[in-house]
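Residue numbers start from 1 in every chain, and the chains themselves are labelled A, B, ... in the order their sequence lines are given, proteins ahead of strands.
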There are 2 protein chains.
Amino acid sequence: MEHPLTRCARFEKASELMGKRWTGLILRILLAGPRRFGELTDEIGSISERVLSERLKELEAEGVVSRHVDAGPPIRVAYQLTEKGQALWKVVDELGRWAERWVDVKPASAARKRKSA
Amino acid sequence: MEHPLTRCARFEKASELMGKRWTGLILRILLAGPRRFGELTDEIGSISERVLSERLKELEAEGVVSRHVDAGPPIRVAYQLTEKGQALWKVVDELGRWAERWVDVKPASAARKRKSA
DNA sequence: GCAAGTTGCTTCCAAAAAGTAAGTAACTTG
DNA sequence: CAAGTTACTTACTTTTTGGAAGCAACTTGC
């Protein structure tokens, strides 16, 4: 057993994974169900295909997502979360809750926001 | 109210914040209590001072951490979480739980690891 | 049956972010 | 008053990301 608040290699590794640009967004989308490459680019909006491809490979290498090729005829590739990946739902969920409570989308004007939310 | 699984600007912003290298680690340390600049560098270990300084400024700008100068005589600067920052404990905590359950520190050999954990 | 899509990437190059090392300002200690 | 400590900053290199175009393997249109 490890102390929860001392340095922890596992946490560092997890943080390195989640602490990469776009990973949180990709995970959030995949938590809603499998997606194809093009769907991910569309839903994320501003990610470059180069980086999406890279991120998906990393996540696959970490065992967080799995890649499924459906040889069609219309060939399609779907990405979905593994069990390990699905287990991240709590992290994504808590981040979402925090965001709804604390993140203000429009930083200027009408920034008044108390506990009332 | 917003749908939890559609595109959400708040989540994107939160994800952009957490999705920067070192942010998770910094937050985890500060959740244990205030820290000085040098303590953070020591506890994180491999972060460069340049980037730590940058990250702290970003977090301060986002209202997640606050900077306190104690004009000493031995001048000291302490960083601590704001209420907004402390609210992130659940996210960090869930990531820590996930890491303990799913992240294997030594990737090669003895990698067998079932539900038993 | 072949030019014109579509999908899922990859490659190339420029821009942004992070790593490394040294420097600085304001003290404190010897 | 030279040397050390703390909290950064600056300059420079390496890595990562962005943007656009290219490409292979099909499918559709005519």
Side-chain angles (χ1 to χ4, degrees), chain A residues 7 11-30 33-62 64-81 85, chain B residues 7 9 12-30 33-62 64-81 85:
Chain A
R7 218 200 297 180
F11 185 88
E12 279 179 35
K13 217 180 160 197
S15 183
E16 206 177 304
L17 188 77
M18 289 294 293
K20 283 207 156 189
R21 198 167 181 190
W22 304 117
T23 302
L25 247 36
I26 293 167
L27 256 28
R28 197 169 102 111
I29 292 168
L30 290 181
R35 291 289 190 282
R36 289 185 289 124
F37 190 88
E39 291 176 322
L40 284 168
T41 49
D42 291 350
E43 285 184 63
I44 297 172
S46 49
I47 196 175
S48 69
E49 297 183 340
R50 201 193 64 74
V51 175
L52 177 59
S53 174
E54 200 172 288
R55 218 68 342 142
L56 287 170
K57 274 180 196 159
E58 287 163 12
L59 291 170
E60 202 190 343
E62 290 295 329
V64 170
V65 312
S66 57
R67 183 175 180 274
H68 301 271
V69 182
D70 172 19
I75 188 171
R76 285 169 188 293
V77 182
Y79 294 90
Q80 58 181 272
L81 297 177
Chain B
R7 216 197 302 178
E12 280 180 34
K13 217 181 161 195
S15 182
E16 205 177 307
L17 187 76
M18 291 292 294
K20 283 207 156 190
R21 197 167 182 189
W22 305 115
T23 303
L25 248 35
I26 293 169
L27 256 27
R28 197 169 102 112
I29 292 168
L30 291 181
R35 291 291 190 280
R36 287 185 291 124
F37 190 88
E39 291 176 322
L40 284 169
T41 49
D42 291 349
E43 285 184 63
I44 298 172
S46 50
I47 194 173
S48 68
E49 298 183 337
R50 201 192 64 75
V51 175
L52 176 59
S53 175
E54 200 173 288
R55 217 65 345 137
L56 288 169
K57 273 179 197 159
E58 288 163 11
L59 291 170
E60 202 190 342
E62 290 294 330
V64 169
V65 312
S66 57
R67 184 176 181 272
H68 301 271
V69 182
D70 172 19
I75 188 173
R76 287 169 186 293
V77 182
Y79 294 90
Q80 58 182 275
L81 297 176

Value rounded to 0.5 Å, distance of CZ in B/F37 from CG in B/D42: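 If we round to the nearest 0.5 Å, B/F37:CZ and B/D42:CG are 10.5 Å apart.
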A/L40 and A/L56, any side-chain heavy atoms less than 4.5 Å apart: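 A side-chain contact under 4.5 Å exists here.
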Euclidean distance, atom CD1 of residue A/I47 to atom P of D/dG19 [Å, nearest integer]: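 It works out to 11 Å between those atoms.
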Any B/M18 side-chain heavy atom under 4.5 Å of B/L27 side chain: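 Counting from C-beta outward, B/M18 and B/L27 do come under 4.5 Å.
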Nearest-0.5 Å distance that lies between atom CZ in A/R36 and atom CD in A/E43: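 Reported to 0.5 Å precision, the distance equals 11.0 Å.
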Heavy-atom side-chain proximity of B/L17 to B/E62 below 4.5 angstrom: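 Yes - at least one pair of side-chain heavy atoms lies under 4.5 Å apart.
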Side-chain heavy-atom pair A/S48, A/W22 within 4.5 angstrom cut-off: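 Counting from C-beta outward, A/S48 and A/W22 never come under 4.5 Å.
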Rounded distance in Å - CG (B/L52) to P (D/dT9):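 Whole-Å distance recorded here is 11 Å.
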B/W22 side chain near C/dA17 phosphate (N/O to OP1/OP2, under 4.0 Å):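 No.
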Whole-Å distance separating the CD atom of B/E58 from the P atom of D/dC8: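 Going from B/E58 (CD) to D/dC8 (P), I get 15 Å.
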For nucleotides 8-11 of chain C, tabulate all protein N/O to nucleotide N/O atom pairs closer than 3.5 Å, reporting atom names and distance.
residue, atom, partner, partner atom, Å
C/dG8, OP1, A/V77, N, 3.2
C/dG8, OP2, A/G38, N, 3.2
C/dC9, OP1, A/R67, NE, 3.2
C/dC9, OP1, A/R67, NH2, 2.1
C/dC9, OP2, A/Y79, OH, 2.5
C/dC9, O5', A/Y79, OH, 3.3
C/dC9, N4, A/E49, OE1, 2.2
C/dT10, OP1, A/K57, NZ, 3.1
C/dT10, OP2, A/S53, OG, 2.7
C/dT10, OP2, A/K57, NZ, 2.8

Stepwise side-chain contact (heavy atoms from CB on, under 4.5 Å) check, A/V69 with A/R67: CA-CA 7 Å; A/V69 182; A/R67 183 175 180 274; 3.5 Å; yes
Pairs flagged by salt bridge (Lys or Arg N to Asp or Glu O under 4.0 Å) wherever residues 46-57 of chain B is involved - sequence neighbours left out: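 For residues 46-57 of chain B, and leaving out neighbouring residues, the salt bridge (Lys or Arg N to Asp or Glu O under 4.0 Å) pairs sorted by first residue read B/R50-B/E54, B/R55-B/E58.
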Phosphate OP1/OP2 of D/dG18: any A/R21 side-chain N/O under 4.0 Å: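 It does, given that an N or O in the side chain of A/R21 lies less than 4.0 Å from OP1 or OP2 of D/dG18.
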Angle by which the axis turns from one end of the helix from C/dG1-D/dC30 to C/dG30-D/dC1 to the other, five pairs per end, to 10 degrees: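 Rounded to the nearest 10 degrees, the bend comes out at 0°.
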Whole-Å distance separating the CD1 atom of A/I44 from the P atom of D/dT17: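 For the pair A/I44 CD1 and D/dT17 P, the rounded distance is 13 Å.
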